[in-house]
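Remarks on the structure that follows.
Along the sequence shown, residues are numbered consecutively beginning with 1. The basis for the numbers below is simple: all heavy atoms, side chains too, and nothing from hydrogens, waters or symmetry mates.
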Amino acid sequence: MARPEPILTCEHVWKIFGKNAERIFDGVPSTSEITSEDLRAASLIGAVREATIEVAEGEIFIIMGLSGSGKSTLLRCLSRLIEPTTGVITFEGENLLTKSEKEMIQIRRHKMGMVFQHFALMPHLTVLGNVAFPLEVQGIDRNSRHQKAREVIDLVGLSDRESYYPRELSGGQQQRVGIARSLAVEPKIWFLDEPFSALDPLIRREMQDEFLRIQSVLSKTIVFITHDFNEAIRLADRIAIMKDGAIIQVGTPEELVRTPADSYVEEFTNDLTKSKVFTARSVMAPKDPSLPSGGSVPDSIKIEEIAAEIVASEQPYDVVDAQGNIVGQLAREAVIDVLVGN
Ligand SMILES: Nc1ncnc2c1ncn2[C@@H]1O[C@H](COP(=O)(O)OP(=O)(O)O)[C@@H](O)[C@H]1O
Ligand SMILES: [Mg+2]
């Protein structure tokens, strides 16, 4: 399936920390030639190295990697909260690196929503005041901004808390306020840096569900950072895996599980329940017309959801596409292979 045009791209982006970092590229024909050894020899830190990604309109693009792999630095480079050392960043067809700081402030204010793991709600403002704040900064009048703020507060399920102060809210509720605040300006792109990582596992799952529900309403373009592969799998359309500042692999959850680029990626996928990732289409065999069929399942359904039924069936199931055409068949042996992790 063809993806829509990218709305945000970064190409060959580097962020190197250290004195005179940019000089490391002097006389180097291609930035990709700089190695870890070069950086070490110059006492520099390559927080982001040669990163290239394309984020399509309306997709949930996850950047995932261990702590220290460069995720936050890359995300901040995308909005130029951190200045990349070199590279190109394009947003809505324009190179962001040619924008003045003033223009960047406007772009961030009007087009980018941001949520961080630890962010400060303003303690002296109510939920309503906090969520309306970015609109106040835009100079929007009180009535309009309160109306918009109430809309997004409702969206995150906090209508009954609108006059509460941050200290009167739980961690999960505060994070919802942060989410509502980031959505108040109706951003074109939504950046989230480990927004749920500080929450208890149960609350985290609830927030993930909530996030997916909100996204089903808003269809934003999203760049979401996590160090939790299970979270990535649950939320992502596509995942970019980062290691030591570099992007090792970009793919759908299924692609990463099926063909991990290296042992680092494979490690993440090891503990994963494969039946949550694989679809009927991805494990089906060609249809054998001589066999009677036990039933039919949609091609996009996850194995997890149909495993019990098919394992209990003597006959293979037909796999049908959205138009109702039979595109293959699924036998109980194939399903068992997925379940036992083959
Ligand atoms: N301001 C800075 N100065 C020097 N090194 C930094 C700075 N910010 C981040 N780093 C380093 O860059 C690397 C990537 O950090 P970060 O992007 O925060 O990783 P992640 O978000 O994946 O945990 C780390 O080694 C970190 O220590
Ligand atoms: Mg980080």
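- For the residue pair S72 / D193, a side-chain donor-acceptor distance below 3.5 Å is found, with atom types taken as modelled.
- Separation of atoms OG (S182) and CG (L192) is listed at 6.0 Å; rounding is to 0.5 Å.
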Dump the intermediate steps for side-chain hydrogen bond (donor to acceptor under 3.5 Å, both in side chains) on S293 and Q329, then the final yes or no. CA-CA 8 Å; S293 138; Q329 77 184 18; over 6 Å; no
Let me see the working for Y165 and V127 under side-chain contact (heavy atoms from CB on, under 4.5 Å), right down to the final yes or no. CA-CA 6 Å; Y165 287 90; V127 167; over 6 Å; no
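- In this structure, T221 contributes its side chain and G58 its backbone to a donor-acceptor pair below 3.5 Å.
- E168 contributes no side-chain N or O that, together with a main-chain N or O of R161, makes up a donor-acceptor pair within less than 3.5 Å.
- The distance from the OG atom of S69 to the CZ atom of R49 is 11.0 Å, given to the nearest 0.5 Å.
- Taking each heavy atom of T90 and E11 in turn, the nearest pair found is OG1-OE2, 4.1 Å.
- To the nearest 0.5 Å, atoms CZ (F268) and NE2 (H227) are separated by 10.0 Å.
- Counting only distance, with no hydrogens or angles, the side chain of R258 and the backbone of S282 share a donor-acceptor pair below 3.5 Å.
- In the hydrophobic cluster analysis, where Ile, Leu, Val, Met, Phe, Trp and Tyr join through side-chain heavy atoms closer than 4.5 angstrom, F25 is grouped apart from I45.
- Panel note: side chain N130, backbone L125; a donor-acceptor pair is recorded below 3.5 Å.
- I189 and I179 fall within the same hydrophobic cluster, defined by Ile, Leu, Val, Met, Phe, Trp and Tyr side-chain heavy atoms under 4.5 Å apart, directly or through other members.
- Inter-residue side-chain proximity for I62 and R238 is flagged as unmet; no heavy-atom pair is nearer than 4.5 Å.
- I105 and F191 are members of different hydrophobic clusters when ILVMFWY side chains are connected at heavy-atom separations under 4.5 Å.
- Atoms OG1 and CZ, on T9 and F91 in that order, are 11.0 Å from each other to the nearest 0.5 Å.
- A cation-pi arrangement, defined by a distance under 6.0 Å to the six-membered ring centre and an angle within 45 degrees of its axis, is absent between R181 and F133.
- Considering CD1 of I16 and CD1 of I24, their distance stands at 5.5 Å, rounded to 0.5 Å.
- With hydrogens and angles disregarded, a donor-acceptor distance shorter than 3.5 Å links the side chain of Q173 to the backbone of S170.
- The distance from the CG atom of L339 to the CZ atom of F278 is 11.5 Å, given to the nearest 0.5 Å.
- Listed here is the closest heavy atom pair of G178 and V115: O-CG2, 4.0 Å.
- Salt bridge annotation for K15-E83: absent, with no cationic side-chain nitrogen under 4.0 angstrom from a carboxylate oxygen.
- In plain terms, the two heavy atoms of A240 and V250 that are nearest each other are CB-CG2, 3.9 Å.
- For the residue pair A21 and T85, the shortest heavy atom distance occurs at C-CG2, 4.3 Å.
- Looking at E305 and K302, no side-chain N of the basic residue comes within less than 4.0 Å of a carboxylate O on the acidic one, giving no salt bridge.
- Formation of a donor-acceptor pair under 3.5 Å by the D38 side chain with backbone atoms of T35 is found in this model.
- In this structure a side-chain-to-backbone donor-acceptor pair under 3.5 Å is missing from R145 to G139.
- The local environment of CZ in R205 is sparse, with at most 12 non-hydrogen atoms from other residues, nucleotides or ligands closer than 6.0 Å.
- Screening F211, F116, F61 against F224 for a ring-ring contact (aromatic ring centres under 6.0 Å, His included) leaves a single residue, F211.
- A salt bridge does not link E254 to K276: none of the charged side-chain nitrogens sits closer than 4.0 Å to a carboxylate oxygen.
- Between the side chain of T259 and the backbone N or O of E255, at least one donor-acceptor pair lies under 3.5 Å.
- Side-chain atoms of M284 and V327, non-hydrogen and from C-beta on, do get closer than 4.5 Å to each other.
- Across every non-hydrogen atom of L81 and M114, the tightest pair is CD1-SD, 3.6 Å.
- Other residues, nucleotides and ligands contribute at most 12 non-hydrogen atoms within 6.0 Å of the CD atom of E314.
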Determine whether E50 and V13 satisfy the following criterion, side-chain contact (heavy atoms from CB on, under 4.5 Å), listing intermediate values before the conclusion. CA-CA 5 Å; E50 198 65 24; V13 165; over 6 Å; no
Would you please test E206 and R176 for salt bridge (charged side-chain N to carboxylate O under 4.0 Å, His left out) and show each step? CA-CA 11 Å; E206 197 182 303; R176 282 171 202 258; 3.3 Å; yes
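- The cluster map of Ile, Leu, Val, Met, Phe, Trp and Tyr, joined by side-chain heavy atoms under 4.5 Å apart, puts F229 and L199 in the same cluster.
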Does the pair E186 and K111 meet the rule for a salt bridge (charged side-chain N to carboxylate O under 4.0 Å, His left out), with working shown? CA-CA 7 Å; E186 300 184 27; K111 301 204 158 174; over 6 Å; no
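- Panel note: side chain E231, backbone D228; no donor-acceptor pair is recorded below 3.5 Å.
- The only member of I303, L330, I336 that meets side chain to side chain contact (heavy atoms under 4.5 Å, CB included) when paired with I310 is L330.
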Walk me through whether M242 and I248 qualify under side-chain contact (heavy atoms from CB on, under 4.5 Å). CA-CA 6 Å; M242 274 189 99; I248 304 292; over 6 Å; no
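- The nearest pair of heavy atoms linking D160 to G157 is OD1-O, 4.3 Å.
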Does the pair R142 and E136 meet the rule for a salt bridge (charged side-chain N to carboxylate O under 4.0 Å, His left out), with working shown? CA-CA 8 Å; R142 194 184 155 87; E136 193 174 343; over 6 Å; no
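- Under the 3.5 Å distance criterion, the side-chain polar atoms of S263 are left unmatched by any main-chain donor or acceptor of E266.
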Check against side-chain hydrogen bond (donor to acceptor under 3.5 Å, both in side chains), E309 and Y317: CA-CA 10 Å; E309 188 179 338; Y317 273 49; 2.9 Å; yes
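- Placement of I239 and W190 within a single hydrophobic cluster is found when ILVMFWY residues are connected by side-chain heavy-atom separations under 4.5 Å, directly or transitively.
- Within the 4.5 Å cutoff, no side-chain heavy atoms of K188 are placed close to those of M112.
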Begin from the C-alpha positions of V320 and D299 and carry the test side-chain contact (heavy atoms from CB on, under 4.5 Å) through to its verdict. CA-CA 5 Å; V320 295; D299 59 345; over 6 Å; no
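- Heavy-atom neighbours of Q147 CD from other residues, nucleotides or ligands within 6.0 Å: at or below the threshold of 12.
- In R23, the CZ atom is not crowded: 12 or fewer heavy atoms of neighbouring residues, nucleotides or ligands sit closer than 6.0 Å.
- For the residue pair D141 / S144, a side-chain donor-acceptor distance below 3.5 Å is found, with atom types taken as modelled.
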